[in-house]
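Comments concern the structure below.
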Amino acid sequence: MKKVCLMTMTLLFLFACSGNRKDTSRADKFNYNVEQFADLGILRYQVPNWDKLTLNQKKLVYSLSQAALNGRDILFDQNNRYNLAIRRTLEALYENYTGDKTSKDYEQFIVYLKRVWFSNGIHHHYGEEKFLPGFSKDFFTKAVKSLNSAFVPTRKGQSVDAFLAEITPVMFDPEVYAKKVNQDSSLDVIVASANNYYGEDITQKEVENFYNAMKDPKDTSPVPYGLNSRLVKKNGKLVEEVYKIGGLYSPAIEKITYWLNEASKYVENAQQKKVIDLLIEYYKTGDLKKYDEYSIAWVRDTNSLVDFINGFTEVYGDALGIKGSWEALVNFKDIESEHLTKILGDNAQWFEDNAPISPRFKKKEVKGISFKTITAAILGGDCYPATPIGINLPNSNWIRKDVGSKSVTITNITEAYDKAAAGNGFNEEFVCCSKEKNLMKKYGAQTDNLHTDLHECLGHASGQLLPGIGKTSLKVYGSTIEEARADLFALYYISDPKIIELDLLKDPEAYKSEYYKYMMNGLLTQLVRIEFGKDIEESHMRNRSLIARWVLERGQKDKVVELKKEKGKTYVVINDYVKLRDLFGQLLAEVQRITSEGDFTAARNLVEGYGIKVDPVLHKEIKERYDKLGIAPYKGFVNPVYSLEKDANGNITDVKVSYNEGYEEQMLRYSKEYSNLPTYND
Ligand code: ZN
């Protein structure tokens, strides 16, 4: 729940990147834009200060990177049981197809394959809906049949015809596996979701009963039940297939642990070694108690330069928020901007004490918030190629409360977004007024980073639940409400005089850039990522719509914010920034109350009332304006390539980083080098 906050997925602005964070002159000739297809843009990120790492640290990053890449197949299989079969079929075609490569069908085949790579499967990575091939079924059938049958990933003893009969509807029939995660609360969300966290014959009721029975209301330190397993029915009985060595996904997990073992040879200190060893132990046993021990050790490892995430972590991929998708990220501290986030951490208690929420819901003592800005070195699993720009872990509420959490923003990724978007015409089209345009140009990147810092470092870490309230009380609305809480905390505070006092911003007007961007995004521009006729699905998007529309409505009488139409174009106009802040504060108080009390009805009313529905007329207008700009609404990244340099005796003398690999090249290489799982894992 505490991850992503894909704020900068929407960072399609023209920024001069004038923040005090960065030396913006660095390598401006670097080619950030790689390619574009469908609704996706592929970017490239740099790894600044790589050469300042010691050889040992470089070897550590290298080993952890291998551990990060070796889990790639896991996520494909988690997202849908046919994803590996489809990916491998498409890749076999890509490499062996001898037919006409100039045809429209072939062109569309390439687009589809690139999308499958991007989404780690056949469903849109953000919208969750299945995307359909732009080529014909006939083309596909003929092409597969033209292959040497050894290249077709059939089941054991299965004919190519039978294989096609099984796989074709999965790809082409819009009704089959229509949505990866279906949050429609009028449906059985387990049956309606196409992910592979549960057996095909399992219902929501069964899942809820199964996991409720595990919970002990008196347990103050519960493990995250069900996080690392697939729940299936065997002989009529529900059993968990645990992801571990010797269990489900064992071949990939064995590779991951091999590289974790390698990494443990190059640790910087004893705490870091403890983290890695506990993670290995957890992968060996699948024991969630070990996972919690690992999480605690990880939170306490604040001194190491190099850090990483590797495991079944976020639960967005499961409509009930139980199962963790596999993800990985290797990073090291961005020393250049460390002092900024340290200021926030040092003042965390002040922010908690002064938040506009009921004292009952405040933490008396904000513990162990560790906050840092990091440089991503490799992205893997659910962080690749689409990646978060901020992460706050662990997700376990009692660990967050008793031990603390670690929160990061990834500055080289943010920088790549900013640089890649420069000059794309977005702000010129959508921002109403020259005052706001100038503020955004001047402060956009800086305030956006600060918003992320506040959201991740303080927002998610703030507040507390009343005794007896569990983190699942808000059910399907939980993620949206949690994101709204963190965003509102950030919005409320970014305009606080304390920010100027702490020297986080210099200009007292700068915050207006973030307020404007937020309202414009929540009310208008995020709609570009929704298909016509569809609702808003993703939690972060729902949260932004919820906040923006709620304050628009509440401020209507005083005309705090308005939607104005000029020459057929709708713009957001903010008339009163002070009152806008006050409204953010009011909503924060309410969202915190809902969270602390577990008020399901109020959560449902907020999310259903403001977070989901789209005005079709406005939607059409915004999309048409956006389409004219030719910008891809979603972005992802190719990773850099690390290569070992060795001396005559085979000793590693250096690890070099390079940025020359293309998107297709990288995906095909990963599919060869890290193809660790069988095609069928059930
Ligand atoms: Zn968040």
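Ligands are counted one by one from 1 in listed order, and the atoms in each one are counted from 1 as well. Nothing fancy with the numbering, it's 1 onward along the sequence.
Within a 6.0 Å sphere centred on NZ of Lys475, heavy atoms belonging to other residues, nucleotides or ligands number 12 at most. Heavy-atom neighbours of Lys342 NZ from other residues, nucleotides or ligands within 6.0 Å: at or below the threshold of 12.
Using a 4.0 Å cut-off between charged side-chain N and carboxylate O, Glu608 and Arg604 make no salt bridge. Classification of Lys613 and Asp535 as a salt-bridged pair holds, one side-chain N sitting under 4.0 Å from a carboxylate O.
Expressed to the nearest 10°, the angle at the Zn ion (ligand 1) joining NE2 in His455 with NE2 in His460 is 90°.
In summary, no N, O or S atom of Asp487 is located under 2.8 Å from the Zn ion (ligand 1).
The nearest N/O/S atom of Glu483 to the Zn ion (ligand 1) is OE1.
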